[in-house]
Amino acid sequence: MAKRKPQRKPAWQKRIARERIEILLKEAEKAAKRGEIKLANRYAKLAKLIGMRYTVRLTREQKRKLCKYCDAFLFPGITCKVKLDPKSKKLKIRCFNCGRIIRLPYKPRNKAE
């Protein structure tokens, strides 16, 4: 039996999906500020699922708001801990939900001249 080719989604559906992802992540941030962590995690997971369903890539900023291991919403001080490691030039984000550490590269700023 021949494999089916996946159908491409129309551009208008992808545009709506991007808008919904943006709205869900804003709502997740509001919920995290109020202390409703479960609701914030649910919004974040829905945003990721919409992106996968409509083959829409999340932007760099949107990806950094999600834990890549448990899909929890990352909000510094409430749902995660952020550290800068100047030796290895890495940003370390520790998720409070799963306890894993996400390491991201960063370029340190030069001191004011």
Heavy-atom side-chain contact between Tyr69 and Cys98 under 4.5 Å: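 Tyr69 vs Cys98: side chains touch.
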
Cluster partners of Met52, using ILVMFWY side-chain heavy atoms under 4.5 angstrom, listed by chain and number?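 Joined to Met52, directly or through intermediates: Leu49.
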
side-chain hydrogen bond (donor to acceptor under 3.5 Å, both in side chains) partners of residues 77-88, not counting sequence neighbours, each pair once: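 Residue pairs with at least one partner in residues 77-88: Asp85-Ser88.
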
Spell out, yes or no, whether [X] and [Y] are grouped together once hydrophobic residues are joined by side-chain heavy atoms under 4.5 Å, including indirect joins.
{"X": "Tyr43", "Y": "Val56", "value": "yes"}
{"X": "Leu91", "Y": "Leu58", "value": "no"}
{"X": "Leu74", "Y": "Ile78", "value": "no"}
{"X": "Phe75", "Y": "Leu66", "value": "yes"}
{"X": "Leu84", "Y": "Ile93", "value": "yes"}

Go through the steps to decide whether Arg57 and Lys63 satisfy the test side chain to side chain contact (heavy atoms under 4.5 Å, CB included), and finish with yes or no. CA-CA 9 Å; Arg57 286 186 180 212; Lys63 276 189 217 172; 5.8 Å; no

Measure the [atom1]-[atom2] distance between [X] and [Y] for me, rounded to the nearest 0.5 Å.
{"X": "Leu104", "Y": "Ile102", "atom1": "CG", "atom2": "CD1", "answer": "7.0 Å"}
{"X": "Lys92", "Y": "Ile101", "atom1": "NZ", "atom2": "CD1", "answer": "6.5 Å"}
{"X": "Cys70", "Y": "Lys45", "atom1": "SG", "atom2": "NZ", "answer": "8.5 Å"}
{"X": "Leu39", "Y": "Arg34", "atom1": "CG", "atom2": "CZ", "answer": "6.5 Å"}
{"X": "Glu19", "Y": "Leu24", "atom1": "CD", "atom2": "CG", "answer": "12.0 Å"}
{"X": "Glu36", "Y": "Arg42", "atom1": "CD", "atom2": "CZ", "answer": "14.5 Å"}

Assess whether a salt bridge exists between Arg18 and Glu22, defined as any Lys/Arg side-chain N lying under 4.0 Å from an Asp/Glu carboxylate O. no

Under 4.0 Å between a side-chain nitrogen and a carboxylate oxygen: does that hold for Lys30 and Glu27? yes

Test side chain to side chain contact (heavy atoms under 4.5 Å, CB included) on Arg20 and Leu46 and set out the steps. CA-CA 10 Å; Arg20 287 191 66 198; Leu46 281 173; over 6 Å; no

Verdict with reasoning, Lys14 to Thr55, per side chain to side chain contact (heavy atoms under 4.5 Å, CB included): CA-CA 8 Å; Lys14 287 190 175 195; Thr55 58; 3.5 Å; yes

Could you tell me whether the side chain of Asn41 and the main chain of Phe73 form a donor-acceptor pair under 3.5 Å? yes

Note: Ala28 and Ala44 closest approach over all heavy atoms is CB-N, 4.5 Å

Looking at every non-hydrogen atom in both residues, tell me the closest pair between Ile21 and Ala47 and how far apart they are.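 Smallest interatomic distance, heavy atoms only, reads CG1-O, 3.5 Å.
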
Around atom NZ of Lys9, are there more than 12 heavy atoms from other residues, nucleotides or ligands closer than 6.0 Å? yes

Stepwise side chain to side chain contact (heavy atoms under 4.5 Å, CB included) test for Asn97 and Ile37: CA-CA 10 Å; Asn97 194 33; Ile37 307 304; over 6 Å; no

